[in-house]
Amino acid sequence: MKKIEHITTFTVFDALDELSSDDRALMEIAIKMRNTAYAPYSNFSVGAALLLENKEIITGNNQENAAYPSGMCAERVAVYSAGALYPNIPIVKIAISASSLKKVVDQPVGPCGSCRQAIAEYEFKQNTPIELLFAGEKGKIVKTTSLKDLLPLSFDKSFL
Ligand code: THU
């Protein structure tokens with residue numbers, strides 16, 4: 001028997017102006033994308049912007065549904081759109097921004113478990129890490145260098 005320690009390192013920025021200009025520009029697109037989220041049930045809007053290796057930027061936001069489970073998170077809207085439009089171009093990074101009509105979201109909002117799994121699929125497929133940046137509407141911003149940091153011991157196609 002042995003115990004294995006899994007250490008995750010991520011960077012926390014105090015404000016948008018601490019980000020590199022590229023990261024900040026991507027986050028600003030994610031922030032803008034919150035405006036067109038369709039979130040009448042949760043009133044919680046999420047915007048996502050992802051940068052592809054060919055410099056294209058693909059965006060998404062959450063799309064809710066009266067049949068709640070039929071809705072879709074912002075991250076997966078963006079990632080599946082990238083997969084549909086540019087199936088062979090790696091994803092370099094994804095910026096995510098969340099806000100709510102009910103309260104001020106002042107902490108970084110990480111992607112949900114299903115979105116982590118969806119992003120993990122693409123990271124495994126392209127065999128290069130995908131950086132993630134996530135934030136609330138104000139406050140700190142978290143940056144991870146790989147989806148693996150958020151989903152240790154993940155399930156992937158190598159098991160099939
Ligand atoms: N949501 C996202 O878009 N991304 C996440 O990672 C977490 C949750 C959306 C889904 C739903 O429309 C709303 O936020 C409340 O859960």
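Both ligands and their constituent atoms are indexed starting at 1 by order of listing. For the numbers below, each heavy atom of this structure counts, side chains included, while hydrogens, waters and symmetry mates do not.
- Remark: minimum distance from atom 3 (O) of ligand 1 to any protein heavy atom is reached at A74 N, 2.9 Å.
- The shortest heavy-atom contact between V46 and E75 is CG1-OE1, 4.2 Å.
- Atom 16 (O) of ligand 1 is not flagged as protein-proximal [any protein heavy atom, distance under 4.0 Å].
- Minimum interatomic distance between G71 and N65 (heavy atoms only, all atoms of both residues): N-CB, 3.8 Å.
- Proximity to C73 (heavy-atom distance under 4.0 Å) selects the following atoms of ligand 1: 1 (N), 2 (C), 3 (O), 4 (N), 5 (C), 8 (C), 10 (C).
- Residue-to-ligand polar distances place C112 within reach of ligand 1: an N/O pair is separated by less than 3.5 Å.
- An N or O contact shorter than 3.5 Å is missing between V46 and ligand 1 by distance.
- For N61 and Q63, the side-chain atoms include at least one donor-acceptor pair closer than 3.5 Å.
- There is a side-chain donor-acceptor pair under 3.5 Å between S42 and E64.
- Here the shortest heavy-atom distance to atom 14 (O) of ligand 1, taken over F44, Y38, Y68, belongs to F44.
- The closest approach between any non-hydrogen atom of P111 and ligand 1 is below 4.0 Å.
- Protein heavy atom closest to atom 4 (N) of ligand 1, with residue, atom name and distance, is E75 OE1, 2.8 Å.
- Salt-bridge annotation for K93 and D23: present, with a side-chain N of the basic residue lying under 4.0 Å from a carboxylate O of the acidic one.
- At a cut-off of 3.5 Å, with distance as the only test, a side-chain donor of S146 or E123 sits close to an acceptor on the other residue.
- With distances taken over non-hydrogen atoms, the option nearest atom 9 (C) of ligand 1 out of N61, V109, N62 is N62.
- Per-residue contacts place S42 under 4.0 angstrom from the following atoms of ligand 1 (heavy atoms of the residue considered): 13 (C), 15 (C).
- Between I58 and L85, some side-chain heavy-atom pair lies under the 4.5 Å cut-off.
- Atom CD of Q107 has 12 or fewer heavy atoms from other residues, nucleotides or ligands within 6.0 Å.
- Atoms of ligand 1 lying under 4.0 Å from any heavy atom of E64, numbered from 1 in the order shown and given with element: 11 (C), 12 (O), 13 (C).
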